[in-house]
Amino acid sequence: MGHRSRVRTLAVVAAGALMASLLTGGGAAAASPPTPGGPGAGDPYYPSYGNSGYDVQAYDLGIRYNPGSGLLHGRARILARATKDLSDFHLDLVGFTVRSVTVDGTAATWTRDPHELVVHPAAALPREHRFAVVVRYDGVPEPFRDPRSGKPVGGFLRTPDGGIAVGEPEVAAQWFPVDDHPKDKATYRITLTVPRQFEALSNGLSAPRTVRGNWATTTWRLRDPAASYLAFVAIGHFTVHRWRTADGLPVIDAIDSGITGSLRRRIESSLARQGDIIAAESSWFGPYPFEAAGAVIDQVDVGFALENQTRPTYVSTFWGNPDRPTRGDDVVVHELAHQWFGDSVALRRWQDIWLNEGFATYAEWLWYEREHSFTPQEIFDHNYDLNTADAPLWTVRVGDPGPDRQFDKAVYLRGAMTLQALRVAVGSADFFRILRTWAHDRRNGHGTTPQFIALAERISGKSLGSLFDAWLFTTTKPPRPAVTSVQRTGATTATGTARTAQVEAAMDRWTAGLQERVSENAR
Ligand code: TRP
Ligand code: ZN
């Protein structure tokens, strides 16, 4: 913090103590002086991500981006509440030049660390005080590169015609000052100004765009609070399609204009099914949690899809690429399932990532049953038999995989298998009751693995500790669940060896798709 005035700190502390003694009628033990907020949220996977000492309610972001120069000008207005007597506090911000910071309208000083913007307000912020921080900043936003491969895996990624901010967990701090941990959800208003020939997409619903001179402005608003990694922007040339599902849910789809021909038609046919997919998922998980849906398909050199709140982003290669199995509708099913599991019910700790990825993968299995009549149990059996006792799938503790394995295939596959093992143990009725209660009771909130286990035990009336231990917390292959014939077979016409061959072929395709997908996640 360098040149910061020590005299002023003491004055603030003295004034605070005086005020505290006046409030308590004097004579009481002197209140402890305000202290700095911490530089991390206390998540052992990512110690510097998020912060402590305050809680954000709302981000109001004004972003001007010029795809030609790559320059971003930002104004972030952050409404927060102090959770202790705060002398200073941290925001996460990577790169950029900070031009000014105010707290409650008064100029503040600041210092920078590689991952942090440390704000020194003119006056301390008492516990429970609600305050507004305004940060003006500019610069060329950077991608987040995997420290081992140097490959861009998140943050702000340049595209041939603009840029896109997506990543998990690293993204938000690469484009705005933020309390960058999913445990601090907030609402977002994102106002994007770009040269008028470009589109600017983000979460939620937008007001009609306004044009001034060569620039166009679009304001996007998210009704419900979101985790910071689920806020996104995508800027470029897009064909935007606004429509409603049969249930009346507004959908905004944007496909990069450079995607043409049969690839474009395959993408459009998957996106046209979003209404059916949301209806199916609503029948399994309860009402769709948000006010809007849709998709952004961008041309960017990374192989992922991400479940941005209300509007996931996808790369076009999910719909066809010589070196990659086509995922087609499956990946849309997966990202839409995250709207319940991951977005509405968010993580409080990154170690619980299977609550996101295992659940979204299980939704793919339910969709497979609906579309192809292969049951989740058959998919489970296939993968259980395929992965012999020495397979890497069993060496990952899915309930605490560590940051290096956070998006390992095991988190997806063994995570989904955990849910099928639970379903076998409690029966289908209680199983879906558990999923729906989880989504309902924790809507727009958070959940942890112990809380999920407690809910499953409460609803089923069964003791499930050893089941979850075996599936989530061991590094050995769990025993095969005892399945009844009713659970094994779905409503399909094929029987016997013909059916087995069909299942094997379909499963090989699905497993190859998953493998290809998660290899992109390798950090
Ligand atoms: N959550 C993403 C999914 O749907 C996967 C993912 C993990 C990801 N890390 C990422 C996507 C980084 C984009 C960037 O499975
Ligand atoms: Zn996922």
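What you are looking at is a predicted structure, and each value in this text was computed from that prediction instead of being measured. Numbering of ligands and ligand atoms starts at 1, following listing order. We count residues from 1, following the sequence as given.
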Nearest 0.5 Å, what's the CD1-CD1 distance between Ile164 and Ile235? 9.5 Å
For Ser270 and Asp329, does a side-chain donor sit closer than 3.5 Å to a side-chain acceptor? yes
Could you establish whether Gly167 and ligand 1 come within less than 4.0 Å of each other, counting only heavy atoms on the residue side? yes
Atom NE2 of His440 with >12 non-hydrogen neighbours under 6.0 angstrom: no
Rounded to the nearest 10°, what angle sits at the Zn ion (ligand 2) between NE2 of His334 and NE2 of His338? 100°
I'd like to know whether Arg405 forms a side chain to side chain contact (heavy atoms under 4.5 Å, CB included) with Thr395, so could you lay out the CA-CA distance, the side-chain angles of the two residues, the decisive distance to 0.1 Å, and finally the verdict. CA-CA 11 Å; Arg405 297 247 167 121; Thr395 63; 3.9 Å; yes
So, 2.8 Å as the limit: is an N/O/S atom of Glu335 located closer than that to the Zn ion (ligand 2)? no
Please name the atom of Glu357, restricted to N, O or S, that is closest to the Zn ion (ligand 2). OE1
Glu307 neighbourhood, listing ligand 1 atoms whose heavy-atom distance to it stays under 4.0 Å: 1 (N), 2 (C), 3 (C), 4 (O)
Residue among Phe431, Trp438, Trp340 satisfying ring pair (Phe, Tyr, Trp, His ring centres under 6.0 Å) with Phe285: Trp340
Provide the number and element of each atom of ligand 1 under 4.0 Å from a heavy atom of Glu335. 3 (C), 4 (O)
Partner of Tyr314 under ring pair (Phe, Tyr, Trp, His ring centres under 6.0 Å), picked from Phe304, Phe232, Trp319, is Trp319
Taking the non-hydrogen atoms of Leu306, is any one of them nearer than 4.0 angstrom to ligand 1? yes
Closest contact, heavy atoms only, Gln174 versus Glu142: NE2-O, 2.9 Å
Test of understanding: given a 4.0 Å heavy-atom threshold, classify the contact between Ala360 and ligand 1 as side chain, backbone, both, or neither. neither
Using a 4.0 Å cut-off to any heavy atom of His338, which atoms of ligand 1 qualify? 4 (O)
Of all the atoms in ligand 1, which lie at a distance below 4.0 Å from a heavy atom belonging to His334? 3 (C), 4 (O), 15 (O)
Within less than 4.0 angstrom of ligand 1, does Glu170 place any heavy atom? no
Any chance you could measure Arg311, atom CZ, to Ile252, atom CD1, to the nearest 0.5 Å? 4.5 Å
First locate atom CG of Leu61, then atom OG of Ser202, and finally report the distance between them rounded to the nearest 0.5 Å. 8.5 Å
Numbered atoms and elements of ligand 1 in range of Tyr412, under 4.0 angstrom, heavy atoms: 2 (C), 3 (C), 5 (C), 15 (O)
Relative to the heavy atoms of Ala305, which atoms of ligand 1 are at a distance of less than 4.0 Å? 2 (C), 3 (C), 4 (O), 5 (C), 11 (C)
Check each heavy atom of Val153 against ligand 1 and say whether those closer than 4.0 Å belong to the side chain, the backbone, both or neither. backbone
Check each atom of ligand 1 against the heavy atoms of Glu357 and keep those under 4.0 Å away; list them by number with element. 1 (N), 2 (C), 3 (C), 15 (O)
Other residues, nucleotides and ligands only: do more than 12 of their heavy atoms fall within 6.0 Å of CZ on Arg221? no
